[in-house]
Amino acid sequence: MKNEKYIKELFETNHGILTINELKEKGINYYYLNPFIAAQKIERIKPGFYRWVEFIGDELVEASRIVPGGIISLFTAAAYHELTTFISSTYHFAIDKNRRVRLPEYPPIKLSYWSGPQLSLGKQQIKSQEGLLITIYDKEKTVCDFIKFRNKVGIDLTKEVLNNYLRRKDRSISKLMEYARKLKISTVLKKYLEVLL
């Protein structure tokens with residue numbers, strides 16, 4: 001196939017995924033991909049998103065590209081910050097409650113639709129192993145999310161996340177309490193802290 005090396009390199013420099021707009025910017029028409037799709041070298045993972053099949057990269061980076069503007073949250077954020085031993089088979093992201101994102105079957109992604117402080121507090125950017133910047137909630141916001149949604153995520157996991165946070169040398173109780181006040185969960189957090197501290 002003509003220019004296969006060039007197409008493959010384009011995908012590799014973009015962490016295995018390209019959008020239809022990114023392809024157009026590189027002068028590649030959608031119809032040019034058809035032979036690669038037929039040969040199962042490229043797959044359409046959702047409308048407007050294409051993946052080089054043989055590319056082995058960080059799945060979290062792939063999921064982040066699929067949910068532009070999404071913030072890594074809940075179980076995925078807790079695992080990243082080493083606040084839990086539980087590894088979810090699904091990547092968790094928070095997005096604005098007014099947005100709609102069409103998800104592919106793979107990788108498995110769960111979206112939480114939030115707004116206001118629930119969405120905006122505690123965002124930070126981290127660098128993936130491949131050097132790509134991705135957005136995730138910081139440790140304190142992650143702990144607050146578990147407390148706020150304790151009945152959905154499970155009390156045992158909530159306790160594990162909070163306990164592991166409290167054992168850390170880099171914890172910030174004042175920051176945790178500030179977030180809790182803004183998220184209107186300070187009373188619940190204080191009850192947990194009275195028992196655990």
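Computed from a predicted model, the values in this text were never measured in an experiment.
Looking at Ile95 and Val67, their side chains come closer than 4.5 Å, going by heavy atoms from C-beta outward. At a threshold of 4.5 Å between non-hydrogen side-chain atoms, the residues Asn29 and Leu23 do not count as touching. For the pair Trp52/Lys41, a side-chain contact is recorded, criterion being any heavy-atom separation below 4.5 Å from C-beta on. The shortest side-chain heavy-atom distance between Thr135 and Ser64 does not fall under the 4.5 Å cut-off. Taking 4.5 Å as the limit, every side-chain heavy atom of Ile42 sits out of range of all side-chain heavy atoms of Leu18. Taking the side chain as every heavy atom from C-beta outward, Tyr50 and Phe11 approach each other to under 4.5 Å. Within the 4.5 Å cutoff, side-chain heavy atoms of Thr142 are placed close to those of Leu83. Considering only heavy atoms from C-beta on, Glu9 stays 4.5 Å or farther from Ile7 through its side chain.
Heavy-atom minimum distance, Lys46 versus Pro104: CD-CD, 4.0 Å. Here the closest non-hydrogen pair linking Leu111 and Ile109 is CD2-CG2, 3.9 Å. Residues Ile136 and His81 share a closest heavy-atom pair of CD1-NE2, 4.1 Å. In plain terms, the two heavy atoms of Asp96 and Leu119 that are nearest each other are CA-CD2, 3.7 Å. For Glu62 against Pro107, the heavy-atom pair with the smallest separation is OE2-CD, 3.4 Å. For Arg102 against Pro47, the heavy-atom pair with the smallest separation is NH1-CG, 3.2 Å.
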side-chain contact (heavy atoms from CB on, under 4.5 Å) evaluation trace for Val188 with Arg150: CA-CA 10 Å; Val188 179; Arg150 62 195 177 281; 3.7 Å; yes
Stepwise side-chain contact (heavy atoms from CB on, under 4.5 Å) test for Leu162 and Phe146: CA-CA 8 Å; Leu162 183 55; Phe146 269 80; over 6 Å; no
Worked verdict on Tyr192 versus Lys159 for side-chain contact (heavy atoms from CB on, under 4.5 Å): CA-CA 8 Å; Tyr192 273 98; Lys159 286 179 185 173; 4.1 Å; yes
Phe36 and Glu4: CA distance, side-chain angles, deciding distance, side-chain contact (heavy atoms from CB on, under 4.5 Å) verdict: CA-CA 8 Å; Phe36 295 96; Glu4 180 176 336; 3.7 Å; yes
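Using a 4.0 Å cut-off between a side-chain N of Lys or Arg and a carboxylate O of Asp or Glu, Arg65 and Glu22 qualify as a salt bridge.
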For residues 175-184, please give each side-chain donor-acceptor pair under 3.5 Å, one per line with the distance, not counting sequence neighbours.
residue	atom	partner	partner atom	Å
Lys175	NZ	Asp138	OD2	3.3
Glu178	OE2	Lys182	NZ	3.1
Tyr179	OH	Asp138	OD2	2.8

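Within a 6.0 Å sphere centred on CD of Glu105, other residues, nucleotides and ligands contribute 12 heavy atoms or fewer. In Lys191, the NZ atom is not crowded: 12 or fewer heavy atoms of neighbouring residues, nucleotides or ligands sit closer than 6.0 Å.
Under the 6.0 Å distance and 45° angle rule, Arg100 counts as a cation-pi partner of Tyr113. Under a cutoff of 6.0 Å and an axis angle of 45°, Lys152 and Phe149 do not form a cation-pi pair.
With values rounded to the nearest 0.5 angstrom, Lys123 atom NZ is found 7.0 Å from Tyr137 atom OH. Taking CZ of Arg99 as the reference point, atom OG of Ser115 lies at 14.0 Å (rounded to 0.5 Å). If you take CZ on Arg171 and CG on Asn164, they are separated by 12.5 Å, rounding to the nearest 0.5 Å. Residue Ile185 holds its CD1 atom at 10.0 Å from OG1 of Thr187, rounded to the nearest 0.5 Å. Expressed to the nearest 0.5 Å, how far CD1 of Ile17 lies from CD of Glu43 amounts to 9.0 Å. Note: Lys24 NZ to Asn21 CG = 5.5 Å, rounded to the nearest 0.5 Å.
One side chain, Glu140 or Tyr165, offers a donor N or O that lies under 3.5 Å from an acceptor on the other. Checking Glu160 against Thr85 by side-chain atom types alone, a donor-acceptor pair falls below 3.5 Å.
Neither Leu133 nor Ile126 shares a network with the other; the hydrophobic side chains, linked directly or stepwise wherever heavy atoms of I, L, V, M, F, W or Y lie under 4.5 Å apart, form separate groups for each. Note on Ile155: it clusters hydrophobically with Val143, by side-chain heavy-atom contacts below 4.5 Å among ILVMFWY residues. Hydrophobic clustering (side-chain heavy atoms under 4.5 Å, transitive across Ile, Leu, Val, Met, Phe, Trp, Tyr) keeps Ile87 apart from Tyr91.
Using modelled atom types, one side-chain atom of Thr158 and one backbone atom of Gly154 make a donor-acceptor pair closer than 3.5 Å.
Take Glu12 and apply the salt bridge (Lys or Arg N to Asp or Glu O under 4.0 Å) test, not counting sequence neighbours, and it matches no residue. Residues satisfying the side-chain contact (heavy atoms from CB on, under 4.5 Å) test with Ser88, not counting sequence neighbours, are Phe75, Phe86, Thr90, His92.
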